[in-house]
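Atoms within each ligand, like the ligands themselves, are counted from 1 in listed order.
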Amino acid sequence: MNDLEEIFSAIKEVSKQIKELLMYSDTNYAQSTNATGDTQLALDLQCDGLIEKEFKKLSIVKQIISEEKEHALDINEDGKYIIGYDPLDGSSLVDVNLSVGSIYGIYKDNPDGQDLIASAYVVFGPRVELVIAHKEAKLYRLASSGEFEFIKQIKLNEQGKHNAPGGTQKEWAGVHKELIDAIFSDGYRLRYSGGMVPDLHQILLKGGGLFSYPATLSAPKAKLRLVFEVFPFAHVFECAGGEAIDGQKRLLELSPKHVHDTSPCFFGSCNEIDRVRKAYG
Ligand code: AFP
């Protein structure tokens with residue numbers, strides 16, 4: 001097994017454990033919390049713990065950076081890779097039984113867009129699906145054998161039909177509102193669950209479209225985090241023949257100053273990203 005295969009194999013293994021946790025975690029425990037936030041926090045932390053345990057078994061991992069940890073955690077001084085991950089993205093959707101996901105970015109040297117060498121995400125929906133991006137984007141599905149089976153290579157069309165606009169609309173800048181309105185006027189269908197993993201997965205598998213999470217008045221740097229959300233998905237979209245930009249610049253050319261830094265982001269097919277570039281140009 002080469003290094004990346006070793007990391008992907010750990011991701012497959014821990015995803016089976018997360019699936020079990022999501023399916024059968026103690027409901028009494030969940031009911032004993034008052035607000036959804038507490039329950040989700042418990043689940044987020046449990047998933048984080050499972051992933052940390054799995055990566056700690058790999059001598060090639062130098063450091064892990066989790067959305068749930070304030071700081072990076074050193075694992076092996078002699079390790080080669082830094083793994084940035086969001087253990088359970090969209091966890092506020094567990095309460096309403098919508099799909100959620102885990103996101104992973106594998107970096108050499110620094111958790112920087114240019115140092116990202118591969119990425120992966122897992123969708124926990126009616127089925128468990130894994131997308132691995134390394135040169136190409138490939139879809140796998142957890143089968144009754146208990147293994148992830150290869151399904152197909154993911155290739156975006158030049159243009160899609162779906163539009164997933166994130167952020168609070170009344171806080172959008174005029175330029176963004178005009179862009180989104182124009183896209184809907186051209187017949188695009190709204191697809192937005194509030195979980196970036198299933199929302200982006202849908203765009204990737206239905207041939208294309210646009211997912212946007214722009215700057216807003218109260219959050220000029222937007223919401224989604226570079227190291228464990230934005231860079232990994234930017235890489236997936238590029239490997240699938242699409243593009244990912246912050247409005248003007250390619251997202252994978254950005255360098256965060258802090259591991260929790262965020263950025264406005266647009267992921268999509270080439271035609272839609274071209275429209276974004278022109279609107280924000
Ligand atoms: P949670 O993990 O808190 O549920 O947030 C999910 C998320 O980070 C991402 O998956 C969504 O795309 C985004 O937030 C949705 O945010 P809005 O509710 O502001 O559109």
Can a donor-acceptor pair be found between the side chains of [X] and [Y] at a distance below 3.5 Å?
X	Y	result
D112	S255	yes
H201	Y121	yes
N76	S59	no

[atom]: nearest protein contact (heavy atom, Å):
atom	answer
atom 14 (O) of ligand 1	K223 NZ, 2.8 Å
atom 11 (C) of ligand 1	G194 O, 3.3 Å
atom 4 (O) of ligand 1	S92 OG, 2.7 Å
atom 19 (O) of ligand 1	Y213 OH, 2.6 Å
atom 15 (C) of ligand 1	Y192 OH, 3.4 Å

N/O to N/O below 3.5 Å, does that happen between L88 and ligand 1?
no
Taking both backbone and side-chain atoms of G90, is any N or O found less than 3.5 Å from an N or O belonging to ligand 1?
yes
Just to check, does R225 reach to within less than 4.0 Å of ligand 1 when the distance is taken from its heavy atoms?
no
Take every heavy atom of D89, measure it against each atom of ligand 1, and state whether any distance is under 4.0 Å.
yes
Give a yes or no on whether K69 atom NZ has more than 12 heavy-atom contacts from other residues, nucleotides or ligands under 6.0 Å away.
yes
Would you call R225-E67 a salt bridge at under 4.0 Å N-O?
yes
My understanding is that only one of R277, K249, R250 makes a salt bridge (Lys or Arg N to Asp or Glu O under 4.0 Å) with E243; could you say which?
R277
Identify the heavy atoms of Y107 and V227 that sit nearest to each other, and give their distance.
OH-O, 2.6 Å
Within a distance under 4.0 Å of any heavy atom of G195, pick out the atoms of ligand 1 and give their elements.
10 (O)
